Amino acid sequence: QPAVSVGNVGQLAIDLVISTLDMTKVGYFYTDCLVPMVGNNPYATAEENSVELSINAEVYSLPSKKLVVLQIRSPFIKNKYRPFCETLLSWVKSSKCARVVLLSSSHAYQRDDEQLLGTPLRYLLTPDLQKAVGGLTQELNWKEMEKVAAYPGINDAEKVLHIPGGGITKLLFTESCSKGIQMAVLLKFCSEGDNIPDAFALVNYLNEWLQLIKSEVNTSSQWKIPSSWRLLFGSGLPPALF
């Protein structure tokens with residue numbers, strides 16, 4: 001599932017997963033914590049299915065890969081982060097999900113010196129998931145999200161997890177740690193703008209681990225871009241202007 005975070009990178013990456021794997025919509029995630037919205041089918045492939053309606057939080061499934069995806073399409077209502085996290089994690093437990101993968105992003109301009117080095121991709125694992133797959137991250141040569149000084153320049157010894165622009169990421173991760181839920185956070189440092197390349201980078205990062213699509217070399221061309229992406233930047237300038 002995505003965190004609604006800077007550049008909407010997690011949501012765009014989830015779009016690529018749903019579209020490429022041709023996942024089936026199996027239901028809605030009903031909540032009053034998100035801004036209400038309704039629109040046409042973002043994954044339309046023909047005129048017949050373009051008129052299906054979609055809303056702010058929907059659930060897609062692919063039984064052959066034991067994969068369930070929650071896509072979120074609107075921002076959170078102020079002060080509704082915590083109720084949403086509680087509802088979501090209680091659904092995760094009641095549905096007996098083996099593990100949760102949260103796709104997120106963080107402001108590139110707020111990185112500290114250590115975070116400026118190397119790859120812009122990072123991961124976090126809850127203690128329960130660390131026990132299960134800890135060795136895998138070393139095999140993949142992934143870089144864990146660094147903790148930063150709680151009081152820079154005053155007390156650099158006290159380190160805290162800081163994910164600026166990450167939306168619900170930190171809250172959902174810390175709650176999963178305390179509730180014994182196996183959760184992985186995969187995130188990319190980025191800036192607002194054309195975030196399509198960031199989405200491809202994040203979904204390729206996810207694919208290194210979960211192997212959702214078979215690929216010798218992770219390339220953008222293997223992912224199917226949904227029809228709705230044609231309107232990411234609006235519908236162009238009206239000719240009447242000229």
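This one's a predicted model, so the numbers in the text were calculated from it and none came from an experiment. All residue numbers in this chain count up from 1 along the given sequence.
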Beyond-backbone contact of His162 with Asp112, side-chain heavy atoms, under 4.5 angstrom: no

Flag side-chain contact, heavy atom, 4.5 Å: Lys179 against Val92: no

Note, Asn195 side chain near Cys190 side chain (heavy atom, < 4.5 Å): yes

Backbone N/O of Ala201 and side chain of Asn204: donor-acceptor pair under 3.5 Å: no

Side-chain donor-acceptor distances from residues 74-81 under 3.5 Å, at least two apart:
unit_1 : atom_1 : unit_2 : atom_2 : d
Ser74  : OG     : Val35  : O      : 2.6

Tyr123 and Trp209 aromatic centres sub-6.0 Å: no

Partners passing side chain to side chain donor-acceptor pair (under 3.5 Å) against Asp128 (at least two apart in sequence or in another chain): none

pair Ser106-Ser5: side-chain heavy atoms closer than 4.5 Å: no

Salt-bridge contact Arg122-Glu146 (side-chain N to carboxylate O under 4.0 Å): yes

Which atom pairs, donor and acceptor, lie under 3.5 Å between side-chain atoms of residues 8-21 and protein residues at least two apart or in another chain?
unit_1 : atom_1 : unit_2 : atom_2 : d
Asn8   : ND2    : Gln11  : OE1    : 2.9
Gln11  : NE2    : Ile72  : O      : 2.9
Asp15  : OD1    : Tyr43  : OH     : 2.5
Asp15  : OD1    : Gln71  : NE2    : 3.0
Asp15  : OD2    : Trp229 : NE1    : 3.1
Ser19  : OG     : Lys224 : O      : 3.2
Thr20  : OG1    : Leu16  : O      : 2.7
Thr20  : OG1    : Lys224 : N      : 2.7

Validation row: Met145, Leu161 side chains within 4.5 angstrom (heavy atoms): yes

Hphob cluster co-occupancy, Leu34 + Ile168, side-chain heavy atoms under 4.5 angstrom: yes

Gap between atom NZ of Lys143 and atom CG of Leu121 - 0.5 Å precision: 11.0 Å

same_hphob_cluster(Leu136, Leu124) at 4.5 Å side-chain heavy-atom cutoff: no

Same cluster (ILVMFWY, side-chain, under 4.5 Å), Val133 and Tyr205: yes

Leu171 and Arg82, any side-chain heavy atoms less than 4.5 Å apart: yes

